[in-house]
Structures are given as structure tokens and as C-alpha cells.
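For reference, the structure discussed in these notes is given below.
The model shown is predicted, which means the values in this text are computed figures rather than measured ones. Letters go in sequence order (proteins before strands), and every chain restarts at 1.
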Amino acid sequence: MSMQSKENAYSGVLKSVLKPGRYTGGEYGQIIKDKSAVSSRFAFCFPDIYDIGMSNLGIRILYECLNREEDIWCERAYAPWIDMREKMEEYNLPITAHESGDPLTAFDFVAFTLQYELCYTTALGMLKLSGIPLYSRDRGEDMPIIIGGGPCVYNAEPIADFFDVFSIGEGEEALVEINKLYIKMKKDGSYTKKTFLHEAAKLEGFYVPSLYDVSYNDDGTVKAYTPVYDDIPTKITKRIIKDMDKSPYPSQFVMPYIETVHDRVVLEVYRGCIRGCRFCQAGMVYRPIREKSPETLCEQAKCLYKNTGYDEISLCSLSISDYSRIDELTDELLSWTEEESVNLSLPSLRVDSFTKELMDKISSVRLGGITFAPEAGTQRLRDAINKNVDEEDLMRAVKIAFEAGKSSVKLYFMEGLPTEELSDVEGIATLASKVIDRYYEVPKDQRGKGVGVTVSVSCFIPKPFTAFQWEAQDTLEELERKQQHLRSCINDRKIRYNYHDARVSRIEAVFARGNRTLSAALALACEEGVQLDAWDECFNYDKWIDIFNRTGIDPAFFANREMGLDEVLPWDIIDCGVSKAYLKKERERAYARVTTPSCAEKCNGCGANKLGGKTKWCK
Amino acid sequence: MVQVKAIGERLERPIYLRIQFEKTGSLQYISHLDLVRTMHKVLIRSRMPLWFTEGFNPKPKMIFASSMSVGLQSICEFLDVRITHRVDLESAIQSLNSCLMPELRVIDVYYAEREFNEIAWAEYEINIKSETLPDSAAKKCASVLTASPLTVLKRTKSGDRDVDISATVGEVKATEAEDGSIDISVFLRAENTSFLNPEYLITALKNELGILSGNLLNNTYTIIRKAMYDAEMRPFK
């Protein structure tokens, strides 16, 4: 019997844990099909708890795409919180999908969307709780196909030994294709797991890691990736949706009963980013830039609003103010949202596009806090990372906010950036002080009461497919020293200083640039109950160091080593569109402190245009 | 999804529509606030002609007869909603249910005549499955619950303290069901000022009789609110 059954069989367990509504399913908007009438059952797992997983737009879109197919049923599953996990281990309760209540072993595919490196152990933990062997080589014909997707699969090597196949890039069409292949082979009798995976490897955008042998040099760097068959690609090119206006988008969301994050209508406005900040992986891997038209977006917004009843619509993109038709879109949306008492919200805006008009239009801007992301404290460093933000623009933007009566501003920065000097770190404090000065320049009767600037500093992590992918992360000691140094520079009580735990960033860096030798560490971590690393309550740095020691891993090899420009990188097996030559060039420009203009100003030839599609700025 | 049909002109003074609904099964695990948020969205989806508050953050006006804690099921909940137009009552039930899942089901929709503060008693049906039931469990349960004083540790904003709840407990009937579980039917005070959460009865039984201890799969209980009554024990609607 399932957790979701109305007979209350599990009520004893559910009443003993926090927020039992996380586990019970039955939400409005879920898709229920007759399991005997479909040919492929797909369990889409989010490797974190329900409260977080429900907000994931990727699952919402793919849930829609897969369930549109009559012969496929896509359901959802999430990781249990610590208290529930303990009960599940004690009473031998497996992870079950929210729609049917069936355990993961009842499915043809078990999919994980890998959004951040620290979720790897949680994903493995879900397999373990389901009685599914971790290593793909240990799984028999009776076990589901374990498939992974999401941003982390651009370097999936640390988890490659646990997954049968990865979907690289955008999954709307790809996931339907792999399901159809599976169904066809099952029907015509040609299916065995081995032959299926071989055929899947021939589909565009699918990486079957077991079909690529990895050899290493004596120094531990990768020597080569060798496909075991002649008829599979030597490099896997990511999939993209060519025409965003034609791409399926849900008209209905599964509506959580309990409180979850980002619980509102989310509209994906466009993919990619024109800015090319040199630390940013998303800006590179979502290229080429493809926009949806305002007409399509308004239709999607209205439809979702009617079917969900949410009172907030959020426009989602990497840099929303760079959408070429943003004014048209916001005006069209505001023509009905105000009447319906629906708030329009935008994620953080670039300082150069922050205007009084925008403040007045957008409730989230009007009502919420003001956030900007200068990322670096000095113009010199901002130029090096290609975050083309002038101090003047920032000052102008905060002045607009203060003049409108706002008195608190949040500024995001990073430390440990390549080419950084101590004076750049000190520049953060100087910038924050200048913002405070601007507040006092506004007449007393116009400005709000009690100014406060929050400076939030995270640690730089070198990410695959960025100009900084070869850079070493600062050592833990360096990162912590800089954090403390900045603290000593901030003496104004009106400036609040937050910084992220550098040890978390270090572990992220290890997995971000890791290779397959890390699988031993992940397997051991899973065995020892390491879970939910993205949560402060659960993350244990010393345990990770211990695990690395016991599995012969030197974390510095991945996090703190400057990688060779001619080295075979673990993620060279993937082609994300942007060329390595372009990234090399961008790295040189970074060291020369030369900026690169945005795609809207000039096409810089990153290479993503070779993927085709209805692009906005590509030449 | 079927829309609620508004009838006639916008009313000069908005009125309250009463929605009688059930909350059962897996829906017992959501909190009262979750329920409020859910109903808000249901009303929007069904296109109920809601009256909104003025000001920066317009919200509809919803009044619930009582709040339900996590773990409580009910087949007699009431929600008053302020509306700007009269609606077609027959189809409104269907409309609302088309925006809902079966475990949260609307059973009636009408223009309210009685006030919530007339509610004085609530009738509950409790079922207890336990490996640690004593002999003559039904009789023992009944006598624990009808005892005076009946002291439980109550959690309040000002701290935990021992409270005698016997005055809030009305008629109690306990029987043993065919499968060995205990069925208890009990009336509890449901006025604003002396509302008793039925979970306290379970606590009292646990403390006095040691029931429901052990394996969580074999020791479970359900609480369902069956009906509400006024001070004269007439059914409330």
C-alpha cells in the first residue's frame, strides 16, 4: 500500500514527522493515468525535499511534455527530509512517486534533474532507499533505466558510473524521443538494456557513459575518451529547442498544498544570456539566445493564471532586463494583472537597466527589497570578469531607489575571482560606503528611514564551459582570510556583511571539475548516510575530507589546481555549442582586463550559432 | 474547469457566501494556513466574484468557522467568502469541485443565515488501532475521557501548563469494532473561547492507558469531525 492511500495505513509515520504534506501527493493539477494503458513509466525525481523540488521549472515543463504523449506516464518523486528518512529506513518504506504511490522500481525510467553538485549524494540516497543498486554495472535487466539531466550534466563525470544515460541540453523533445525508442524496442522484441543503451547513444544529445572508456595520464589528468563502438559520436552535442514559441509549455502546474519556494506562476521568457560574464556557466550553456514573443508569453501567462489561481507572476530568465521586448511584455501583462490583483515580479535587475519607470510598474520592485549584483568591488576586476557594470550606473540606480523611499539595498559579490587582488576585496567595502553616502544625499523628507546596505559575498567556483574553467579556486585558507579581511574593512554599522561558508564552495568545486575517480567517494558517502548537503543542518566538511582520504582522492587536484590549457578536460566529451577556442580567448582578455561587448552590441563568434535555431542575436 | 456563474448586477453591499466542505484522507496532513492558501486559489480558479480588500495588497475576505490542525479530518467545515455578485448556487458546487481534488470536496453552497459564533459543540469520531490496548479497552477509554478532573499538559503561548479539560468534554461513547480497533464518538466544546483540540483526548488516553505506543505502522488513529452544533444541540449549518 502506498503512502498516498486513503486507508491511512501510514498515518502513524506521517503524524510523527514535520510537514507530512510533503509526502502525500494527490495535488490538484497532477496527471493520473491508467498504468496498464501506458507503455513507458517515467519517474522524475528531484534530489532534494518536496518544498524545493516543486519549484523546479524544468520538471514542470518536462512533466507536461512527457504526459502529452498517450503512451508515457510521467510522475514525480522527491527526497525525504531527515526525520522521514529515518522512519523510512526503520520501517523499510521505499521512495514512492506522488501520483500512483508506486515505488521507483515499478518504473521504466528513473530520472534525476541535477541542478547543483551538492545534490549528488541525495540522488544516490534515493536510489539506495528504493533498493536500486548504485553502480550501473550492478543493475540487472529488471531495474529501471537511470537517466540524468540538468545543468550539472555538462560535467557528469563524477556521477557517470551511477547513471545509464544522460540527456545533455534541453529535454523537451529529447526525453520524448528516448521514451519512444524504448517503447519501440520493447514492442518489436529487440530490447535488452545493452542494445537499448547502444541505440540511445546514437540519438542526438544522449551520453551513455558506459560506452566511453576513460584513460588517464600518470599525473592523474584525463588522457582520452574512447567510444567502445564505431557508430556512436566521439563528442555529444547538446540538444536545443529551435523555436521557443513552438516549444511546449505547461498550461497547468501541479499545485502544492503546503508552502513551497517560488510558489507562483513562472514564465520562462527566453534562454541564454547576452552578457558573457566570464565566471557564469549558465550564460554559456544556454546559448544561443532564443526569445519567446510577447504574444506567446502573454497567452501562457493568462492560461496559467486562470488554471492555477496564483496571485503572482514571475518572469524568469538569466537577465530579464536584457529581453529585447521587455517593455512591450510588461505593459501587456500589466494591462490585466493590476485589475486581477496579480503581482508581477522580476528577479534581480541589472543596474544599467534600473529605472524609475520599472520601479513603478513592477510590484516586486516596488514592494520588495532592491538587489543588485556588481560581483566585484573595483572596475578593474569587473572588467576582468566581464561584468560590464559601471560604478556610476550602480550609484544612479541606488539613488533612484532611495529617492523613492526605499532604505535597504542588497549587493551581491564574489571573492576569489581570477586576477583578484586584496585591493579588489577592499573595494567591496568602499562601494558599500559610497552607496550609504548616496542615501544621505537624498533630502531627509524624501528618503526612507534608516538606511541599510547588505553585502553578500559568495566564493568563486571555476565551472566547466566558462572562460575560467581552467582556473584554480583559492585555497580554503585564502578564501577565509579574504572573508575576514573584508570584515575588518567594514566598520559602518549600517552595512551588514554576509558570506557563504567557503568549505561548502570548496566541495562544490571538487565535484564541478571532477572526473570519474570521484565515484568511489560518492558511493562511500552514500553508504555512510551523507545526504542533503545543500542544507546547513546536514553539510559536514570534515566528513567529506575523511571520505576523500579513505578513497584516495586529493580534493585540491580538482578544486585548487590550475588546469592546463591543452589538457583533456573531463567535460571535453560534451559539446555545449560555445567553442573551447572562444573560451581560451575570453580567458586571455580577462587577464588583459579587456571587456567583451554583449551579443546585442556585437556578435563575438562564441560558436553557439552552429546549433541553429531561431536565435535573437547570432550572426 | 467550470466557472462560477455570477447573476445580476454588482451588489451595493457585498454579501457572504457559505461553502460547506469536507477535508479527508491525505488532506488531513495539511495545516490550516495551507488550507487558507489553497481555498484562495480555488476561488480564483473557479472565477468566484470575490470582493477584494482595498490598499496595496488586495486580498479576498475569507472566514473559516474553525481552524483544523494537521492530522484532523472533517466532513463539516464551513468557509464564508465575501462576494460582489449573487451566484447560481446549483452550478457553484460543481464549479468549485472542478477546481478541487476529491479529498477536499464542496458539499453545499448557500447564503449564510447563521453566524459562526453560534457554534458551541463539535462531534468527533475517533478510531484507534493499537497493539497496546488494555482489556475492556472501550470501557476504559470512555471512563478516562469522562473523568473529572481530566488533566492534560496544554501548550500555550505563555508556556506549557496542566489544564483540566473535563468541562470541555461532552457525551462520550466508546465501542470495540470488528477488527479490534476502538471507535469513540465524542462531543467537544467548539466555542471560540473554549475550543478543545481533539488531539488532547489522544494524549490523555496515551498517558492513562499506555495505548498507541510502539511500532508506528501498527499504532495509528484517525480523528474525523462529523458535525457542528449550537448551544441547544441543534445541527449548525
| What are the two closest non-hydrogen atoms of A:Gly12 and B:Thr220, and how far apart are they? | N-CG2, 3.5 Å
| Which one of A:Ser16, A:Gly309, A:Pro20 has the most heavy-atom pairs closer than 4.5 Å to chain B? | A:Gly309
| Partner chain A: residue of B:Val70, B:Asn215, B:Asn219 with the largest heavy-atom pair count (under 4.5 Å) | B:Asn215
| message | Please classify the contact of A:Lys19 with chain B as side chain, backbone, both or neither, using a heavy-atom distance under 4.5 Å. | response | neither
| said: Are there over 12 heavy-atom neighbours, none belonging to A:Glu537, within less than 6.0 Å of that residue's CD? | reply: yes
| task | Evaluate whether atom NZ of B:Lys59 has more than 12 neighbouring non-hydrogen atoms of other residues, nucleotides or ligands under 6.0 angstrom away. | result | yes
| said: Please classify the contact of B:Asn218 with chain A as side chain, backbone, both or neither, using a heavy-atom distance under 4.5 Å. | reply: neither
| task | To the nearest 0.5 Å, tell me how far A:Ser11 OG sits from B:Gln28 CD. | result | 6.5 Å
| query | A:Glu27 versus chain B, heavy atoms under 4.5 Å apart: side chain, backbone, both or neither? | reply | backbone
| Should we say atom CD of A:Glu299 is surrounded by more than 12 heavy atoms from elsewhere, each under 6.0 Å from it? | no
| task | Select all residues of residues 197-206 of chain B having any heavy atom within less than 4.5 Å of some heavy atom of chain A, and report them by number, or 'none'. | result | none
| Going from CZ on B:Phe52 to CD on A:Glu340, what distance comes out if it is rounded to the nearest 0.5 angstrom? | 7.5 Å
| field | Greater than 12 external heavy atoms within 6.0 Å of B:Lys140's NZ | value | yes
| request: Would you check, one step at a time, whether the test side chain to side chain contact (heavy atoms under 4.5 Å, CB included) holds for A:Tyr10 with B:Leu217? | output: CA-CA 6 Å; A:Tyr10 292 100; B:Leu217 294 181; 3.6 Å; yes
| remark: Applying a strict 4.5 Å limit to non-hydrogen atoms, the region of B:Thr53 in contact with chain A is neither
| request: Look only at the side chain of A:Tyr91 and the backbone of B:Leu216, and say whether a donor-acceptor pair between them is shorter than 3.5 Å. | output: yes
| said: Let's go through B:Met101 and A:Tyr257 carefully: what are the C-alpha distance in whole Å and the side-chain angles of both, what is the deciding distance for side chain to side chain contact (heavy atoms under 4.5 Å, CB included) to 0.1 Å, and is it a yes or a no? | reply: CA-CA 11 Å; B:Met101 294 302 277; A:Tyr257 286 115; 3.5 Å; yes
| query | Which heavy atom in B:Tyr29 sits nearest to a heavy atom in A:Lys15, and how many Å separate them? | reply | CE2-CG, 4.0 Å
| query | Would you find more than 12 non-hydrogen atoms of other residues, nucleotides or ligands less than 6.0 Å from B:Glu9 atom CD? | reply | no
| query | For chain A, which residues of residues 30-48 of chain B have at least one non-hydrogen atom nearer than 4.5 Å to it? | reply | B:Ile30, B:Asp34, B:Arg37, B:Thr38, B:His40, B:Lys41, B:Ile44, B:Arg45, B:Arg47
| query | Is it the case that more than 12 heavy atoms not belonging to A:Glu268 sit under 6.0 Å from its CD atom? | reply | yes
